[in-house]
Amino acid sequence: METGFCKENNITEEFLDSLQKVFRKDIPSHVLDKARRSLLDYIGVTLAGTKALEEKLSQYMNVVEPEPGNTTVIGMKQNLNMKDAVFLNGLNGHALDFDDGTNMGIIHLGSPIFSVLLPLAQKYKISFEKFLKAVVIGYETSFTMAISIQPQHKKMGYHATGTCGILGIAMAGSYMLDFSEEEMKNAFSTACVSATGMLKVLDDGSELKPYNVAKTALLGLVSTEMARTGFRGHSDALGGYRGYLKLLAGDENTKIKEPCLNGTYAIEKTYTKPYAACRYCHPSIEAAIKIREKYNIKGSDVLSVEVATYDLAVKGHDHTVVPTTASAKMSIPYSVAVGIIYGKAGLREYETDYLKDKNILDLIDKISVKADEEISKKFPEVTTAIVSLKTISGAQYTEQIDFPKGEPENPITEEEFNKRFVQLATYGGKTGNEAEKIIETVKSMNGEMEELFLHIT
């Protein structure tokens with residue numbers, strides 16, 4: 001699609017033009033392969049998320065009574081109308097906080113984008129090749145905006161998964177549906193107007209963090225629909241004293257970074273989570289598990305544990321009272337405790353029964369988290385946690401993790417990824433054979449996508 005967005009002093013058109021310059025080029029095959037893996041990651045965590053929210057989803061269906069339709073709701077064994085399917089896919093895709101993301105942008109990238117693109121691809125019979133390219137475009141858009149406004153954006157209380165994720169949906173959907181230049185600009189403008197997401201959802205046992213993804217997916221879909229039906233948006237929704245950058249970064253003159261930062265696509269920069277907690281907890285979890293394994297530590301051996309990490313990982317993640325599973329997933333003390341006691345921090349360790357485990361509760365009170373100035377200076381390029389554990393007998397052990405498992409610098413293997421997917425899918429109700437079939441389908445798929453939708457209901 002040939003476009004010429006850029007006009008002098010129009011921040012929005014400059015940004016859109018910079019994205020188009022990247023995507024006029026062929027996307028390398030290894031990047032598209034990463035998009036296939038990202039799709040599998042999303043399907044796995046959404047299937048598992050559907051199971052985790054089973055009781056609440058049943059209540060939702062009874063209260064809302066969504067209308068049936070032709071759109072697949074992942075893991076729910078039914079088809080609904082487009083809007084309800086998009087909303088529920090988004091809700092379930094982030095229910096476990098197990099979806100991919102990047103520390104650089106402090107953002108989950110895949111869950112809002114896939115929650116919209118899959119239903120659109122199903123409705124409009126989009127080829128898998130075009131779908132994958134749209135995914136890469138969506139990731140690049142969301143990530144580029146996120147790294148341009150972070151960390152100030154987070155410090156202002158915003159959740160970039162919502163506020164930047166919707167921009168990626170608008171651009172990816174516009175490409176996939178062959179929007180004209182004007183329609184694409186209007187979809188992006190509508191997405192800027194729709195961008196919301198507050199980090200208050202992390203506090204006080206709130207269970208609304210997945211809602212940030214669900215409503216972002218829904219509003220992203222609506223943004224494309226508004227543009228397609230001819231609604232006109234502001235020509236520079238990003239700039240100006242009432243624009244996106246002023247509202248969400250505090251400065252209308254915020255410099256937007258170039259796409260493909262450091263010569264790689266955003267989708268290549270994403271992590272895959274091996275632990276079922278907020279990514280800020282992962283370096284500490286990994287360090288705790290290593291200490292346990294190296295020195296055969298038991299929970300009853302511990303006198304105290306001190307975690308030193310970057311400042312953004314402390315506030316909102318240092319709590320020792322965990323009333324809900326959502327709260328546990330945000331808590332470094334809880335996550336370190338299960339790592340020490342059980343040597344893992346998977347789906348099971350964040351279920352309700354574990355929140356009442358006396359061994360965990362006793363150990364949590366011995367764990368403190370503090371910000372380290374030197375570590376903070378290196379974030380987000382390096383995501384360090386140093387765990388120092390003292391035993392009752394007087395021994396002291398320390399472990400430092402700079403790049404937790406799953407980062408591009410420390411990737412999980414293909415075998416580890418496939419095992420993780422099967423665990424997620426079977427947790428979500430699939431058999432092992434059904435899970436393997438989904439892997440095979442995504443890895444080999446070309447052309448039409450109908451077979452995939454048959455396997456993910």
Student: Scan side-chain atoms only and decide if T272 and D41 contain a donor-acceptor pair under the 3.5 Å cut-off.
Tutor: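 D41 and T272 do not have a side-chain donor-acceptor pair below 3.5 Å.
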Student: Do R228 and Y124 meet the cation-pi criteria used here (NZ or CZ under 6.0 Å from the six-membered ring centre, within 45° of the axis)?
Tutor: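 Cation-pi check for R228 and Y124: passes.
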Student: Drop me the distance from T254's OG1 to L238's CG, to the nearest 0.5 angstrom.
Tutor: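 Taking OG1 in T254 and CG in L238, the distance rounds to 10.0 Å.
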Student: F98 ring centre to R420 NZ or CZ under 6.0 Å, with the angle to the axis within 45°?
Tutor: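 Relative to the ring axis of F98, which defines the angle, R420 lies inside both limits.
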Student: Judged by modelled atom types alone, do E416 and N418 share a side-chain donor-acceptor pair under 3.5 Å?
Tutor: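 No donor-acceptor contact under 3.5 Å links the two side chains.
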Student: Determine, using ring centers only, whether Y354 and Y334 are less than 6.0 Å apart.
Tutor: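 Between Y354 and Y334, which both carry aromatic rings, the centre distance is not below 6.0 Å.
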Student: Below 6.0 angstrom between ring centroids: does that apply to Y280 and Y310?
Tutor: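 Aromatic pair counts; centres sit under 6.0 Å.
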Student: Flag this pair as yes if the NZ/CZ of K329 is under 6.0 angstrom from the six-membered ring centre of Y350 and inside a 45 degree cone about the axis; otherwise no.
Tutor: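 Here K329 passes the 6.0 Å and 45° test against Y350.
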Student: Does a donor on one side chain and an acceptor on the other come within less than 3.5 Å for T196 and K215?
Tutor: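 There is such a pair (donor and acceptor under 3.5 Å, judged by atom type) between the side chains of T196 and K215.
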Student: For salt bridge (Lys or Arg N to Asp or Glu O under 4.0 Å), just list the numbers for D100 and K273, CA-CA rounded to whole Å, side-chain angles, deciding distance to a tenth of an Å, and then say yes or no.
Tutor: CA-CA 7 Å; D100 72 3; K273 286 186 172 185; over 6 Å; no
Student: So, using side-chain hydrogen bond (donor to acceptor under 3.5 Å, both in side chains) as the criterion, who are the partners of T457 when residues are at least two apart?
Tutor: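 Testing T457 for side-chain hydrogen bond (donor to acceptor under 3.5 Å, both in side chains), a comparison that skips the adjacent residues, returns none.
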Student: Please determine if R279 forms a cation-pi arrangement with Y271, meaning its NZ or CZ atom is less than 6.0 Å from the six-membered ring centre and no more than 45° off the ring axis.
Tutor: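 Judged by the rule (NZ or CZ under 6.0 Å from the ring centre, within 45° of its axis), R279 counts as positioned above Y271.
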Student: Can a donor-acceptor pair be found between the side chains of N70 and Q122 at a distance below 3.5 Å?
Tutor: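 The criterion, which ignores hydrogens and geometry beyond distance, is not satisfied for Q122 and N70.
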Student: Among V45, I43, T50, exactly one meets side chain to side chain contact (heavy atoms under 4.5 Å, CB included) together with L47. Which residue is that?
Tutor: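 Passing option: I43.
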Student: Please check if the side chain of N62 supplies one atom and the backbone of S58 the other of a donor-acceptor pair under 3.5 Å.
Tutor: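 Yes.
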